[in-house]
Colleague: 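The following block contains the structure, expressed as structure tokens.
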Amino acid sequence: MNTEIIEKYNMLPKGTKLLCAVSGGADSMCLLKLMLSKADELGITVCAAHFEHGIRGEESLRDADFVAKWCRENNVELVLEHGNAEAYAKERSLSLEEAARELRYDFLERAAKKTGSAKIATAHNADDNVETMLFNLARGTGSLGLCGIPPVRGNIVRPLLLCTRAEIEQFLEDNNVPHVEDSSNFSDDYSRNMIRHKVMPVLREINPGVSAAAGRTAELLREDESYLSEAADNFIKKHFDGESVDAAGLLKLPRPISARVIRKLSKQKLSYRHVEDILKLCSGEGLGWADIPGMRIRREKGRIFFNNESWEKIQDRELIPGTEIEIPELQIRIKTDFAVKKEEINDLFKTYIFKYEDICGNIMLTGRKNGDSIRPKGRNCTKSLKKLFLEAGYNQRQRDLTPILRDDKGILAVHGLAVSQRAEAVKGDKILRIRIERI
């Protein structure tokens, strides 16, 4: 058995407790027996875990009983659990295969904690690897999908990844290790089984060593992927501000790197079309969006935002003199009262005063509205709010969350930016005073 992969990837440092995922099939029984036989040599401790998905009825229960009996007879610590993959799949709108996989890996993580195991070993082999590569190729994939099954992923290791199925079967025979057969492996109802039964025999006629050859290809692609992924990480570290990146800078990257930056920042499994949509968004101007699964990517002021942020718009509220109200969406408190102007205020944009006689109708606090404009005090011109926000460099969120004070005639103040020259008060005037404080 070819186990050099264990040393190459430092899968099992001395002192490791290893949890072997055991279904009872040939591959997993080989894994368990092999790890037990090498435990002293490697300086590790081995235990096992079996998850019964509840899919194949009596056959599934038979497998669980088989694993339990073998472990009991060989003094192997075992964690065994039963589940209902069909119910789980229905509840979460998953395929049965996806549901079983999610349940299985969740169980393995819990079993590892229960047993104090630092590593979890699965029995994926060289034939599984090439079948995965072909499956991904058939569905359409980038180089990452052609990297096959990783030898190490977090705390999960695959010691048999260089071993073919034929070698595994020979090991079982040589060591008199029993196993059970999963009847679903003989059915062509599953895509992977079709590849195993119909495609792989043809490829072996072309090259009997196709599994090993595909494994070498996958390893080379993993090296390429590691390099490109690191380049993407370096760009993100340098240019990502926690919310966005410069659109032009992202667009200038070689596509293999820009695509990886997009996938990393969106934290989604994106299709080729989704990546293209976001790159197209980078080439545009002004405000724009690209929708991907579960997320909206936004272009604004030359930057691409990946934070998927949403915010509550400002609700219209009447400001009644002598009262105080809180605005939760803005985290501010507003106090409104009558007074007489005595001197100039020195805390502009915290306290606003308006000549009471010049106020028309009700005083309202609102967000921006279509067609809004203001004649700012001291500027001798009228400006649209759009232009005012543009000059201030406000992004979409800032524009939506800027409080506007207005009466029935129009805008009296744009908080933090401008006060209208209309209703300007002088010393001695009766005024309406509006004070804005942070909560």
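The first residue in the sequence is number 1, and the count goes up from there. Source: prediction; values computed, not measured. Below, all heavy atoms of this structure are taken into account, side chains as well, without hydrogens, waters or symmetry copies.
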Colleague: Verify, without hydrogens or angle tests, whether Asn125 (side chain) and Leu161 (backbone) share a donor-acceptor contact under 3.5 angstrom.
Modeller: no
Colleague: Report yes or no: does Arg303 contribute a side-chain atom to a donor-acceptor pair with the main-chain N or O of Arg299 at less than 3.5 Å?
Modeller: no
Colleague: Between Arg153 and Tyr105, is NZ or CZ placed under 6.0 angstrom from the six-membered ring centre and within 45° of the ring axis?
Modeller: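 Geometry flag: set, cation within 6.0 Å and 45°.
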Colleague: Would a distance-only check, ignoring hydrogens and angles, find a side-chain to backbone donor-acceptor pair under 3.5 Å from Asn10 to Glu7?
Modeller: no
Colleague: Indicate, with yes or no, if the rings of Phe51 and His53 have centres closer together than 6.0 Å.
Modeller: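 That pair passes the under 6.0 Å test.
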Colleague: Less than 3.5 Å apart, any donor N or O on the side chain of Arg260 or Ser229 sitting next to an acceptor on the other?
Modeller: no
Colleague: Does Arg222 reach the main-chain N or O of Cys147 with its side chain, forming a donor-acceptor pair under 3.5 Å?
Modeller: yes
Colleague: State whether the side chain of Thr141 and the backbone N or O of Leu137 hold a donor-acceptor pair below 3.5 Å, judged by distance alone.
Modeller: no
Colleague: Please give me the minimum heavy-atom distance between Gly367 and Arg406, naming the atom from each residue.
Modeller: O-NH2, 3.3 Å
Colleague: Kindly say whether Arg165 contributes a backbone atom to a donor-acceptor pair with the side chain of Asp127 at under 3.5 angstrom?
Modeller: yes
Colleague: When you measure from the side chain of Thr217 to the backbone of Ala213, do you find a donor-acceptor pair of N or O atoms at a distance under 3.5 Å?
Modeller: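 Yes; judged by distance alone, with no hydrogens or angles, the pair exists.
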Colleague: Between the side chain of Arg399 and the main-chain N/O of Tyr394, is any donor-acceptor distance below 3.5 Å?
Modeller: yes
Colleague: Are Arg435 and Thr351 close enough that a side-chain donor and a side-chain acceptor fall under 3.5 Å?
Modeller: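 There is no such pair (donor and acceptor under 3.5 Å, judged by atom type) between the side chains of Arg435 and Thr351.
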Colleague: For Leu270, is there any backbone N or O sitting under 3.5 Å from a side-chain donor or acceptor partner on His274?
Modeller: no
Colleague: Atom CD of residue position Glu391 - does it have more than 12 heavy atoms of other residues, nucleotides or ligands inside 6.0 Å?
Modeller: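 Result for CD/Glu391: enclosed.
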Colleague: Looking at Glu98 and Ser95, would you say the former's side chain and the latter's main chain have a donor-acceptor pair under 3.5 Å?
Modeller: yes
Colleague: Answer with yes or no whether the side chains of Ser28 and Ser23 bring together a donor and an acceptor at under 3.5 Å.
Modeller: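 Ser23 vs Ser28: donor-acceptor pair found between side chains.
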